[in-house]
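So the structure is just underneath, and the comments pick up after that.
Remember, it's 1-based here, ligands and their atoms both numbered in the order they're listed. In this text, all values refer to a predicted model and were calculated from it rather than measured experimentally.
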Amino acid sequence: MTGLKITEYPAVVLAEVGAPVEQFDAELAKLCEDMFETMYAAEGVGLAAPQVGLGLRLFVMDCDGIKLVAANPEIVAEEGEQVGEEGCLSVGKIGAPLKRPMRVTLRAQDMQGNWYERTAEGLAARCFHHETDHCDGTLFIDRLTPLKRDMVKKKFQKQKKWG
Ligand SMILES: [Zn+2]
């Protein structure tokens with residue numbers, strides 16, 4: 001396995017809509033393995049392809065007992081709401097409270113290309129939403145109020161300078 005470099009805000013690839021995953025081959029399996037390793041090393045619970053510099057609709061996650069690979073993910077149902085502290089490996093894990101649906105159904109393909117649906121609640125639902133957003137070029141800071149977004153950006157700049 002190979003650790004990958006995490007792409008950080010404001011890299012352009014993080015703001016782009018990813019291309020669909022079309023090849024379900026050994027190369028994809030290796031990429032997913034490397035993404036899991038990178039995510040675990042960074043102590044994250046989810047990691048999307050744009051976060052390792054690849055404009056692809058793909059993420060891996062291991063959050064709240066749900067471990068999966070999601071290629072070409074879509075959110076097909078959502079209900080309720082939750083407000084919780086959220087952060088992102090591409091924004092220095094700086095947290096800010098953000099509203100997300102409480103319960104989310106994800107539709108995606110596994111590494112073999114088989115479609116599946118998975119419903120999750122709470123933290124895992126937040127993760128489904130956050131990672132699918134990455135595949136659409138949306139960061140969690142894009143969903144914050146301008147004031148909160150500036151606060152996160154400032155903290156991140158400081159962290160990069162002194163960290
Ligand atoms: Zn993220």
inquiry  = To check you understand the geometry: which heavy-atom pair defines the closest contact between Val152 and Phe140, and what is its length?
reply    = CG1-CZ, 4.3 Å

query = Restricting to pairs with a member in residues 145-156, which pass side chain to side chain donor-acceptor pair (under 3.5 Å), not counting sequence neighbours?
reply = Tyr9-Lys153

query = Which protein N, O or S atoms sit under 2.8 Å from the Zn ion (ligand 1)?
reply = Cys88 SG, His130 NE2, His134 NE2

His130 vs Leu98, side chain to side chain contact (heavy atoms under 4.5 Å, CB included): CA-CA, chis, key distance, verdict = CA-CA 11 Å; His130 180 114; Leu98 180 60; over 6 Å; no

note = Sorted by chain and residue number, the side chain to side chain contact (heavy atoms under 4.5 Å, CB included) partners of Ile75 (sequence neighbours excluded) come out as Glu78, Val104, Leu106, Phe128, His129, Thr132

Side chain to side chain donor-acceptor pair (under 3.5 Å): pairs with one or both residues in residues 54-63, sequence neighbours excluded = Tyr40-Asp62, Arg57-Asp136

query = Using 4.0 Å as the upper bound for N to carboxylate O, is an ion pair formed by Glu86 and Arg100?
reply = yes

